[in-house]
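Below: the structure, in structure tokens.
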Amino acid sequence: MGIRFILMVNKQGQTRLAQYYEWLTLEERRALEGEIVRKCLARNEQQCSFVEHRNYKIVYRRYASLFFLVGVDNDENELAILEFIHLLVETMDRHFGNVCELDIMFHLEKAHFMLEEMVMNGCIVETSKAQILTPVQLLEKTS
Amino acid sequence: MGSQGGFYQSKEFLDLVKSIGEARSKAEEDRIVLSEIETLKRRISEPDTPKRKMKEYIIRLVYVEMLGHDASFGYIHAVKMTHDDTLLVKRTGYLAVTLFLNEDHDLIILIVNTIQKDLKSDNYLVVCVALNAVCKLINEETIPAVLPQIVELLAHPKEAVRKKAIMALYRFYQKSPSSVSHLVSNFRKRLCDNDPGVMGATLCPLFDLITNDVNSYKDLVISFVSILKQVAERRLPKAYDYHQMPAPFIQIKLLKILALLGSGDKQASENMYTVVGDIFRKCDSSSNIGNAVLYECICCVSSIYPNPKLLESAADAISRFLKSDSHNLKYMGIDALGRLIKISPEIAEQHQLAVIDCLEDPDDTLKRKTFELLYKMTKSTNVEVIVDRMIDYMISINDNHYKTEIASRCVELAEQFAPSNQWFIQTMNKVFEHAGDLVNIKVAHNLMRLIAEGFGEDDNTADSQLRSSAVESYLYILGEPKLPSVFLQVICWVLGEYGTADGKYSASYITGKLCDVAEAYSNDETVKAYAVTALMKIYAFEIAAGRMVDMLPECHSLMEEFLASHSTDLQQRAYELQAVIGLDAHAVESIMPSDASCEDIEVDKALSFLNGYIQESIEKGAQPYIPESERSGMLNISNFRNQDHHEASSHGLRFEAYELPKQTVQARIPPASLASTELVPVPEPVYPRESYQTTTVPSVSSDAASTELKLRLDGVQKKWGRQTHFPSTSTSNSTSQKTVNGITQVDGSNTANSRTRETYDSRKQVEISPEKQKLAASLFGGPSKTEKKSATGHKSSKPSSHMVKSHAPKSSMEVASEKTSPVQQPPDLLDFGEPTVKSTAPSLDPFKDLEGLLEPTTQVSSAVNHSSTAAVTKSPDIMGLYTETPAGAHHKDSDILSGLSNSPMTNMVGGTTTMQVAQSSKSPNLKDSLEKDALVRQMGVTPSSQNPNLFKDLLG
């Protein structure tokens with residue numbers, strides 16, 4: 001399965017985007033996000049970008065005020081996930097032009113659309129930025 | 001900011017997002033969301049809402065759920081939106097539905113139809129959108145409704161559709177393998193797709209399929225190897241490159257698959273050696289992604305049939321990881337080391353100090369990973385150090401999940417490698433004391449059994465020593481204020497069985513302690529039950545030994561309490577205790593033999609010991625017993641007491657009252673004591689025998705207790721024993737010492753070695769604390785070995801076939817020495833100096849810039865007008881969130897909106913030169929920045945020159 005969820009959380013711990021690849025109820029999500037965010041935000045820059053939490057491993061990366069957190073299975077390649085986050089940010093950056101937290105907030109659905117192109121069933125299915133962005137750009141054009 | 005058209009946003013939406021962004025606390029955010037819920041509830045069901053507006057409502061609903069509130073009132077509107085003809089609206093509808101609903105939600109049935117229709121659409125984008133939804137919403141029952149269409153789409157001319165169709169099929173395979181079992185060949189076919197994206201996606205289902213059934217896919221080894229080769233040789237389109245690596249994510253997936261296919265298969269592995277070796281060479285170890293691929297190579301190499309050259313490359317890569325300053329790389333290195341030591345155990349030695357540094361690192365993640373490694377390399381020589389460390393760590397953490405895990409690991413290691421009984425008991429005590437409620441009850445039963453059985457050898461003195469030391473330590477531990485229930489059960493059982501066995505403690509002392517336990521933990525019935533049974537055993541042993549039993553007053557009161565207990569189990573035990581005390585020594589000895597918990601009990605199911613009695617009864621004229629199967633007609637309850645009745649078992653219902661059964665002893669003998677062939681005259685009270693069988697805790701007689709124990713322990717392997725060494729580790733120890741091929745190699749003698757170490761230390765000026773040295777020594781194979789190690793350090797000779805460059809150990813020392821200096825990590829911020837971003841080079845034509853500016857200018861100026869009043873009061877608001885500059889954000893690329901901070905209106909009106917400067921230093925698209933500017937102004941924040949750092953920290 002690989003990726004179990006992707007979260008974007010700002011440094012105040014507020015969720016800015018959440019996508020789960022396995023079903024959790026609202027309460028479970030809330031509890032999980034709370035615990036994970038508390039854990040990750042308390043860490044400093046020198047420490048690993050990986051945190052074990054229950055059965056998940058959280059790989060996280062901070063970009064300015066925004067944390068990207070990816071929950072993965074135990075046998076994922078953590079460094080690759082770390083770079084996947086970066087690929088996601090680069091892709092959003094190409095689309096929004098110097099992406100920021102506000103871009104994601106104002107265009108939540110677009111951020112989701114990009115994720116939909118990159119990850120399906122918790123697997124990374126597309127890593128070419130052009131391929132990821134084409135459908136999103138076509139959407140913009142047609143409407 | 002993208003186009004405004006389809007993504008039009010109302011003022012209301014902007015205000016909502018703005019206020020959520022400004023919320024200072026969770027409570028404030030909750031207030032905003034709650035009032036938003038009220039608004040949405042009113043508005044969303046209004047008739048004739050334009051679809052743009054509706055789409056916005058749905059996104060607001062997504063916000064509501066994302067921030068942790070229930071938005072179920074709006075789900076139906078999201079479902080309705082999937083019917084829309086406008087692609088964007090439809091996609092938003094699908095997105096919301098996939099976020100809101102799980103596959104078993106009632107509303108799904110309303111979507112299946114839409115999905116079916118959309119899968120048939122001529123517009124491939126509509127098909128893609130529907131396929132996204134299929135992957136999240138279709139459950140086992142609805143698979144047949146869409147399956148034929150999905151199969152058709154596998155051959156769609158558009159690669160995006162094929163890719164998503166493959167993933168949909170994969171999803172079905174995950175949900176219900178049987179429903180698509182006839183279609184798995186499609187995954188093989190798609191592996192040869194012309195489009196690398198489709199091929200890459202197909203690797204995901206193939207990985208799963210191969211995990212489940214390796215042998216059916218061995219024929220694909222050649223294909224995978226050739227694909228990997230092509231990827232590594234950059235045959236894929238440039239678009240798949242990431243940081244100069246050719247399609248690294250596909251490479252990683254392929255390496256994972258090869259690892260599966262090559263595991264334990266020499267022939268398959270031989271096909272892989274070349275390509276894996278190539279990748280090892282080509283990987284750029286200075287980038288994260290290069291290291292990610294390297295790590296995957298190591299995993300692959302340690303999984304497939306070993307190849308010395310590849311193992312050498314892997315060892316090199318590992319030592320690079322461990323020597324790195326980056327904690328991430330150290331983490332990967334420790335993990336990789338754990339994989340490689342399974343094949344070449346001696347490699348751990350070179351990195352001992354690096355490992356110890358990681359173990360002592362304040363970073364919990366790294367520490368845990370290191371414990372995992374230690375767990376893998378535990379052997380009888382280092383078990384004490386490792387388990388002690390683990391326990392210390394276990395005590396220090398609060399995370400129950402991990403505590404459980406580490407406790408069970410401690411137990412496992414202790415059982416496998418324990419050097420002595422004393423140590424084993426003490427270790428188990430610590431584990432129970434600090435994590436007792438978290439360990440599996442089986443562990444407790446196992447411990448009791450181990451204490452009872454000893455070591456299986458005919459060494460009775462050792463066994464009784466073990467028991468005595470257990471009793472002693474438990475009596476001591478009972479002084480602790482609060483102990484976990486499981487541990488108390490063990491303590492009670494052991495005290496009952498062996499408390500008085502060695503004669504060191506008197507019965508009254510032990511029973512006193514047991515009464516204390518029962519009183520102190522009065523709300524734990526299991527513990528109380530264990531305590532009563534233990535009391536009974538002590539008294540029984542006393543009686544059997546011919547001593548007078550003098551029940552303590554507190555014991556009396558305890559019994560009184562239990563005799564009236566609401567728990568039938570406790571009550572029964574109390575009655576049994578009372579009964580046993582009343583018996584004579586001979587009888588007690590038969591039902592409660594001392595130290596008999598390990599005796600096998602033969603249950604005589606045929607009840608042959610009753611033969612004499614039956615014979616006698618029959619002679620007196622009783623009817624012989626007819627087995628139930630031979631009896632016809634109604635089951636008659638009197639059959640159960642068949643031998644008591646002088647009548648024939650009747651064939652119909654009886655209407656007269658049954659006779660009172662005669663008092664018979666035989667029928668009520670507890671099965672536990674059936675083993676002893678003699679009949680014990682048990683006086684009143686007698687209990688129904690069923691209750692013996694239903695008690696869940698070890699009951700009355702020690703025999704019964706041990707039967708139960710035995711039953712529960714069936715699944716538990718017996719691992720513990722003094723002689724258990726891993727044969728492989730012991731051989732590796734000796735070989736690594738023997739195969740040292742350096743001529744000047746120092747080995748053996750301690751004095752020589754310690755001298756070597758001293759000189760080594762002083763020469764290198766390395767500050768390695770003696771404790772660390774000692775720890776290293778104890779972890780990595782005894783003092784003599786460490787010395788040898790440090791000797792290798794500067795004499796640079798290397799053991800064994802798995803060669804490591806001679807400098808490796810030396811530099812691992814250096815790493816250790818550097819560890820005091822603060823570790824520097826490359827800045828974690830997005831470095832947009834990367835080629836991908838650079839490629840969109842800023843245009844240098846000022847006129848073009850101006851052109852771009854013409855459009856937004858009006859907007860901007862109006863926005864400024866509108867905000868000028870608000871600006872004064874509002875400026876510290878939302879953007880205040882973003883004004884902090886992150887520590888260490890030392891990358892040249894200026895931030896998204898830095899244009900704002902230094903582009904007041906004057907710039908726009910006249911100065912092309914200033915603009916040019918601003919442009920070249922920052923974003924590729926000035927127009928975007930200005931639009932952002934406009935938006936921000938609209939929201940009531942004016943970037944002013946007093947606030948040049950505004951947005952400084954935003955992503956970039």
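Sequence lines set the chain letters: A, B, ... in the order given, protein chains first and strands last, and positions in each chain run from 1. The basis for the numbers below is simple: all heavy atoms, side chains too, and nothing from hydrogens, waters or symmetry mates.
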If I measure from the heavy atoms of chain A, does [X] come under 4.5 Å with its side chain, its backbone, both, or neither?
X         : result
Lys26(B)  : neither
Glu159(B) : side chain
Leu101(B) : backbone
Ile289(B) : both
Lys238(B) : neither
Met332(B) : side chain
Pro248(B) : neither
Asp70(B)  : both
Phe207(B) : neither
Glu65(B)  : both
Ile252(B) : side chain
Leu329(B) : side chain
Phe100(B) : backbone

* **Electrostatic pair Lys129(A):Glu90(A) at N-O distance under 4.0 angstrom** =>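 A salt bridge is present here (some side-chain N lies under 4.0 Å from a carboxylate O).
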* Carboxylate-amine/guanidinium proximity below 4.0 Å for Glu116(A) and Arg91(B) ->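 A salt bridge links Glu116(A) with Arg91(B).
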Any chance the side chains of [X] and [Y] put a donor and an acceptor closer than 3.5 Å?
X         : Y        : result
Ser65(A)  : Asn10(A) : no
Thr25(A)  : Glu28(A) : yes
His327(B) : Gln46(A) : no

If you tally heavy-atom pairs under 4.5 Å against chain A, which of [options] wins?
options                                    : result
Arg171(B), Lys164(B), Glu296(B)            : Lys164(B)
Asn288(B), Asp335(B), Ile58(B)             : Asn288(B)
Leu87(B), Leu99(B), Leu125(B)              : Leu99(B)
Gly68(B), Pro237(B), Ala168(B), Ala96(B)   : Gly68(B)
Asp364(B), Thr92(B), Asn102(B)             : Asn102(B)
Ala239(B), Gly200(B), Ser287(B), Ala201(B) : Ala239(B)

Which portion of [X] sits near chain B, non-hydrogen atoms under 4.5 angstrom:
X         : answer
Tyr20(A)  : backbone
Glu117(A) : both
Asp75(A)  : backbone
Ile124(A) : both
Leu87(A)  : both

Find out whether the Lys NZ or Arg CZ of [X] is both under 6.0 angstrom from the six-membered ring centre of [Y] and within 45° of the ring's axis.
X         : Y         : answer
Lys136(B) : Tyr21(A)  : yes
Lys330(B) : Phe321(B) : no
Arg368(B) : Tyr402(B) : yes

* Lys163(B): partners by side chain to side chain donor-acceptor pair (under 3.5 Å), with sequence neighbours left out ->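 Side chain to side chain donor-acceptor pair (under 3.5 Å) list for Lys163(B), sorted by chain: Glu126(A).
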* Can you check whether Phe68(A) and Tyr60(A) have ring centres sitting under 6.0 Å from each other? ->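 Ring centres of Tyr60(A) and Phe68(A) not closer than 6.0 Å.
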* Using a 4.5 Å cut-off on heavy atoms from C-beta on, say whether the side chain of Glu33(A) contacts that of Leu7(A). => yes
* Do the non-hydrogen side-chain atoms of Phe113(A) and Leu88(B) ever get within less than 4.5 Å of each other? ->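 SC-SC contact between Phe113(A) and Leu88(B) confirmed.
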* **Side-chain donor/acceptor of Asp103(A) to backbone N/O of Cys100(A), under 3.5 Å** =>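 Yes, the answer is positive, given that a donor and an acceptor are paired below the 3.5 Å cut-off.
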* What's the verdict on side-chain contact (heavy atoms from CB on, under 4.5 Å) for Tyr295(B) and Asn77(A), showing C-alpha distance, side-chain angles and the deciding distance? -> CA-CA 8 Å; Tyr295(B) 165 79; Asn77(A) 182 331; 3.4 Å; yes
* Partner residues of Glu52(A) under the salt bridge (Lys or Arg N to Asp or Glu O under 4.0 Å) criterion, sequence neighbours left out -> none
* What option among Thr15(A), Leu26(A), Leu24(A) has the most heavy-atom pairs under 4.5 Å with chain B? ->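 That would be Leu26(A).
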* **Options Ala18(A), Ala80(A), Gly13(A), ranked by heavy-atom pairs under 4.5 Å with chain B, top entry** =>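 Option with the greatest count: Ala80(A).
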